[in-house]
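Inspection log for the structure reproduced underneath, given as structure tokens.
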Amino acid sequence: MPGQNLPYFTKGIVVNGFGRGSKELGCPTANFAEEIVDKLPESFPTGVYYGFGQVGNGEVHKMVMNIGWCPYYKNEKKSMETHLMHKFDSDFYGEELRIVILGYLRPEMQFDNLNDLIKTIENDINQAKDVLDKPELAVYKADNFFS
Ligand code: ADP
Ligand code: RBF
Ligand code: MG
């Protein structure tokens with residue numbers, strides 16, 4: 001059950017991802033270092049999630065993330081990639097990213113073309129923006145975990 005591990009708090013260093021230019025797709029994703037991925041409980045289902053995230057001791061932003069192998073790209077390594085809903089002035093590789101995962105949106109899917117993947121991610125972002133406005137989730141944004 002996707003809900004059983006949530007809320008899930010974790011933090012780690014942002015590393016280089018697969019270099020596929022998700023940025024050019026309009027959706028940069030900050031990839032966590034391998035040891036953060038290895039720390040996920042065995043029972044943590046792969047898929048698309050929403051929550052809040054913070055780079056260094058900056059502001060806490062809404063986020064969506066993908067956990068898994070990206071069937072569209074058939075990655076050999078499991079990854080945790082976070083897209084923060086904020087326009088940053090510069091990249092933040094090497095910085096610490098803290099996240100709290102609050103909810104599950106859907107399983108990872110296969111697509112026939114890149115455009116369908118992009119459209120689906122846009123839809124995930126819009127859905128996440130809405131749910132994360134729920135007053136009962138504000139407590140997580142204000143959690144002591146964030147510095
Ligand atoms: P990579 O394949 O190296 O992960 P991406 O194209 O996914 O490259 O870009 C990710 C990088 O973009 C992040 O590591 C971060 O430094 C930067 N970045 C800029 N804005 C954002 C954002 N809103 N959310 C996530 N990462 C961002
Ligand atoms: N990759 C997939 O193969 N299938 C998916 O369903 C999928 N959903 C995603 C949803 C979100 C919100 C994000 C941020 C990424 C998703 N990805 C998915 C990962 C995407 O393929 C990845 O960000 C790019 O390959 C860049 O590494
Ligand atoms: Mg990335």
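We count ligands from 1, going down the list as the structure has it; atoms in each ligand are counted the same way.
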Residue D112 excluded, over 12 heavy atoms near CG under 6.0 Å: no
When you check the side-chain N and O atoms of R98 and N57, is any donor under 3.5 Å from an acceptor? no
Is the backbone N or O of N115 less than 3.5 Å from a side-chain atom of N113, with the two atoms forming a donor-acceptor pair by type? yes
Of all the heavy-atom pairs spanning Y104 and L6, show the shortest one and how long it is. N-CD1, 4.2 Å
Please find the pair of heavy atoms, one from K78 and one from T46, that lie closest to each other, and give the distance. CE-CG2, 4.2 Å
Minimal non-hydrogen separation, V100 against P7, with atom names: CG2-CB, 3.9 Å
Restricting to pairs with a member in residues 105-147, which pass ring pair (Phe, Tyr, Trp, His ring centres under 6.0 Å), not counting sequence neighbours? F9-F145
Which protein N, O or S atoms sit under 2.8 Å from the Mg ion (ligand 3)? T29 O, T29 OG1, N31 OD1
Would you mind writing out a table of all protein N or O atoms found under 3.5 Å from any N or O atom of ligand 1, naming both atoms and giving the distance to 0.1 Å?
{"unit_1": "ligand 1", "atom_1": "2 (O)", "unit_2": "F18", "atom_2": "N", "d": "3.3"}
{"unit_1": "ligand 1", "atom_1": "2 (O)", "unit_2": "G19", "atom_2": "N", "d": "2.9"}
{"unit_1": "ligand 1", "atom_1": "3 (O)", "unit_2": "G17", "atom_2": "N", "d": "2.8"}
{"unit_1": "ligand 1", "atom_1": "3 (O)", "unit_2": "Y93", "atom_2": "OH", "d": "2.7"}
{"unit_1": "ligand 1", "atom_1": "4 (O)", "unit_2": "G17", "atom_2": "N", "d": "3.4"}
{"unit_1": "ligand 1", "atom_1": "4 (O)", "unit_2": "T29", "atom_2": "O", "d": "3.1"}
{"unit_1": "ligand 1", "atom_1": "4 (O)", "unit_2": "N31", "atom_2": "OD1", "d": "2.8"}
{"unit_1": "ligand 1", "atom_1": "6 (O)", "unit_2": "S22", "atom_2": "N", "d": "3.3"}
{"unit_1": "ligand 1", "atom_1": "6 (O)", "unit_2": "K23", "atom_2": "N", "d": "3.1"}
{"unit_1": "ligand 1", "atom_1": "7 (O)", "unit_2": "S22", "atom_2": "OG", "d": "2.9"}
{"unit_1": "ligand 1", "atom_1": "7 (O)", "unit_2": "T29", "atom_2": "N", "d": "3.0"}
{"unit_1": "ligand 1", "atom_1": "7 (O)", "unit_2": "T29", "atom_2": "O", "d": "3.0"}
{"unit_1": "ligand 1", "atom_1": "7 (O)", "unit_2": "T29", "atom_2": "OG1", "d": "3.3"}
{"unit_1": "ligand 1", "atom_1": "8 (O)", "unit_2": "Y93", "atom_2": "OH", "d": "3.2"}
{"unit_1": "ligand 1", "atom_1": "16 (O)", "unit_2": "F92", "atom_2": "N", "d": "2.7"}
{"unit_1": "ligand 1", "atom_1": "23 (N)", "unit_2": "L84", "atom_2": "O", "d": "2.9"}
{"unit_1": "ligand 1", "atom_1": "23 (N)", "unit_2": "H86", "atom_2": "O", "d": "3.1"}
{"unit_1": "ligand 1", "atom_1": "24 (N)", "unit_2": "L84", "atom_2": "N", "d": "3.1"}

Just by modelled atom types, is the P28 backbone N or O under 3.5 Å from a matching donor or acceptor in the H83 side chain? yes
If we ignore hydrogens and angles and just use 3.5 Å, is the side chain of Q110 paired with the main-chain N or O of P71 as donor and acceptor? yes
For ligand 2, what is the set of protein residues having any non-hydrogen atom at a distance below 4.0 Å? R20, S22, C27, T29, V48, V64, N66, C70, P71, Y72, Y73, E81, R106, E108, M109, F111, L117, I121, D124
Which heavy-atom pair separates V64 from L105 by the least distance, and what is that distance? CG1-CD1, 4.4 Å
If you look at every heavy atom in C27 and I125, which pair is closest and at what distance? SG-CD1, 4.4 Å
Take M80 and N66 through the side chain to side chain contact (heavy atoms under 4.5 Å, CB included) test and state the conclusion after the steps. CA-CA 6 Å; M80 289 172 78; N66 188 68; over 6 Å; no
Would you indicate whether the side-chain heavy atoms of F32 and V15 approach each other to under 4.5 Å? no
